[in-house]
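The structure under discussion appears below in the form of structure tokens.
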Amino acid sequence: MPPSVPSLPRRVARILRTSLFAQVACALVLGIVVGKLWPGFGADLQPLGDGFIRLIKTIISPLVFCVVVVGIAKAGDLKAFGRIGLKALIWFEVASTLALVIGLLAANVVQPGSGMNVDPATLDASAVDAKTGGGHLPSTTEFVLEAVPTSFIGAFAENSLLQVLVLACLVGAALLHLGHTKVPQVLPAIEQAQEIIFAIVGFVMRLAPIAVFGAMAVLIGNYGLGVIETYGKLIVLCYLAAALFIGLLALALKAVTGLSLWKFLRYIREEMLLALGTASTESVLPRVMQKLRKAGARDDAVGLVLPTGYSFNLDGASLYLSIGTLFIAQAVGVDLSLGQQITVVLVLMLTSKGMAGIPGSAFLALSATASSLGAIPAGAVALLLGVDRIMDSMRVVTNLLGNCVAVFAVARWEGALDRERAKKVLDGEIQVDLEDEEPTEQPQELKKERAAETG
């Protein structure tokens, strides 16, 4: 007797029950509908997204600490860890500079702000101050000093990833120096703490659809869809420039590791959709770290490169800042010379490194760039207030993919990448279960079933 085929409603219910991707996708659509139909109610749902991100942030610092300490201790080579860090910084600088240059070239070719003829005197500069909360970007010296912890507990309490990384490196180095015979119980305890944190991540991720629903309802409720018409040319340009940059990332990943970025994107589709819905890459950092480890990247490479990239490798933000600077100049009728545009790149190379975690950091960086040029009125930055939130999706995707590619590339250069396992994972030959320590190969029957479901 042939087995009965489940009805369509049952299959849909099963997918919604078991697939985080499907749950987040439905929540995304529902959030847009609610925000469009009931904008006032949608705008009141801010706590849903904010609460989820708060929960995620509470576990990022201890997770990074555990992964880095365990990675150093197991690798057994502090010099190799130093090489990973140096190679990561070189990659970050090259990638972010390339993003800035692509943004400037795109803005020069398309001229998104030309013809607007905006009078800067009519703009409300105080709105920018309200957006940034009166904050400021740290200078280079301040940025370096802020990476040095003043308190072991304080680094975790302030959720400062760079300080946590410094502490993790010190603890990992101390474990290597003392050896497992002198402190035999410390490393197993940290490993067990890491597993507990990953279990907490699993619990929190069950709330992801609720967070995405709330975040999208707030976005549409507050800003509506009309902003897309007003700034259509700028929005399309930013997204096309990001697509070009991601295409270059795909080529670089293929050349360095032989891996496919598109297959990797399918591998992290749940995390990518969640990052898009919440407009935050921090919301997926723990899950992406797990998936990179499962995909063959060594713990020390994942633990150092990915969190550091959150401060040093904001490729999407770099694209947006360079295009935004020229858009503002064109909108107010200022023609920037080649020398001034080179100054834009140099200034943004510095200011973009201190942006992470600062409210309204994009506007602070734009204001600093305008001030350094002396040709663009500072109040003109207010032109981007209406469109900034729409750009979050572009920034999130580009930042996240840029940092993940950096992990694979640096791990490959350092011999810390199992390419065979990575290819099997990305091809779907190895089923990754984030609840288990090791991935397992899929049985042939399951492969056929999944192939049939995906067509």
Would you give the length of the straight line joining atom CG of L285 to atom CD1 of I59, rounded to the nearest 0.5 angstrom? 9.5 Å
Separation of E195 CD from Q192 CD (nearest 0.5 Å): 9.0 Å
Side chain to side chain, R287 and F198, heavy atoms closer than 4.5 Å: no
Side chain proximity check, P286 to M289, heavy atoms < 4.5 angstrom: no
Where do I102 and A241 come nearest, in terms of heavy atoms and distance? CG2-O, 4.3 Å
To the nearest 0.5 Å, atom CG of L276 lies from atom CG of L28 at 7.5 Å
Could you list all the side-chain hydrogen bond (donor to acceptor under 3.5 Å, both in side chains) pairs where at least one residue sits in residues 101-111, not counting sequence neighbours? N108-Q341
Is there side-chain contact between C238 and L319, with at least one heavy-atom pair below 4.5 Å? no
Just so I know, are the side chains of L98 and L248 near enough to count as touching, which here means a heavy-atom distance under 4.5 Å? yes
Where the side chain of S283 meets the backbone of S280, is there a donor-acceptor pair that is under 3.5 Å apart? yes
Which value, rounded to the nearest 0.5 Å, describes the distance between W91 atom CH2 and W413 atom CH2? 5.0 Å
V67 vs L304, test: side-chain contact (heavy atoms from CB on, under 4.5 Å). Steps then yes/no. CA-CA 9 Å; V67 170; L304 180 61; over 6 Å; no
Check for a donor-acceptor pair, side chain of T97 on one end and backbone N or O of V94 on the other, with a separation under 3.5 Å. no
Please round to the nearest 0.5 Å and tell me the distance separating atom CG of L400 and atom CD1 of I246. 10.0 Å
F52 and I210: side-chain contact (heavy atoms from CB on, under 4.5 Å), yes or no, with the steps? CA-CA 8 Å; F52 175 80; I210 299 174; over 6 Å; no
Test applied, side-chain contact (heavy atoms from CB on, under 4.5 Å); reference residue, L274; option that passes from V396, I56, V284: V284
Least distance between heavy atoms, Y239 atom then S393 atom: OH-CB, 3.2 Å
Does L426 reach the side chain of R266, with side-chain heavy atoms less than 4.5 Å apart? no
Ignoring hydrogens and geometry, is there a side-chain-to-backbone donor-acceptor pair from R412 to A409 under 3.5 Å? no
When rounded to the nearest 0.5 Å, the distance separating OG1 of T325 from CG of L104 is 7.5 Å
For the residue pair M394 and Y320, what are the closest heavy atoms and their distance? CE-CB, 3.8 Å
Start with the C-alpha distance between L401 and M272, add both sets of side-chain angles, then the distance that settles side-chain contact (heavy atoms from CB on, under 4.5 Å), and finish with yes or no. CA-CA 9 Å; L401 287 179; M272 186 61 70; 3.8 Å; yes
Any chance you could lay out the side-chain contact (heavy atoms from CB on, under 4.5 Å) test for E270 and V24, step after step, and finish with the verdict? CA-CA 8 Å; E270 296 172 347; V24 171; over 6 Å; no
Mind listing the side-chain donor-acceptor pairs of residues 159-175 below 3.5 Å, one per line with the distance, residues two or more places apart or on another chain?
{"residue": "N159", "atom": "OD1", "partner": "S61", "partner atom": "OG", "Å": "2.5"}
{"residue": "N159", "atom": "ND2", "partner": "K57", "partner atom": "O", "Å": "3.2"}
{"residue": "Q163", "atom": "NE2", "partner": "E146", "partner atom": "O", "Å": "2.6"}

Do N399 and D315 meet the criterion of a side-chain donor-acceptor pair at a distance under 3.5 Å? no
With the side chain counted from C-beta on, respond yes when I60 and E282 share a heavy-atom pair under 4.5 Å apart, and no when they do not. yes
Anything under 3.5 Å between a donor and an acceptor, one on a side chain of residues 256-265, the other on a protein residue two or more places apart or in another chain? List them.
{"residue": "T257", "atom": "OG1", "partner": "L253", "partner atom": "O", "Å": "2.7"}
{"residue": "T257", "atom": "OG1", "partner": "L259", "partner atom": "N", "Å": "3.2"}
{"residue": "S260", "atom": "OG", "partner": "W262", "partner atom": "N", "Å": "3.3"}
{"residue": "S260", "atom": "OG", "partner": "K263", "partner atom": "N", "Å": "3.3"}
{"residue": "K263", "atom": "NZ", "partner": "D427", "partner atom": "OD1", "Å": "2.7"}

Ionic contact status for E414 with R298, cut-off 4.0 Å: no
Correct closest heavy-atom pair for A27 and P209 would be CB-O, 3.1 Å
Smallest separation among heavy atoms of C404 and V288, with atom names: SG-CG1, 3.6 Å
For A416 and A301, work out which heavy atoms get closest and say how close. CB-CB, 4.4 Å
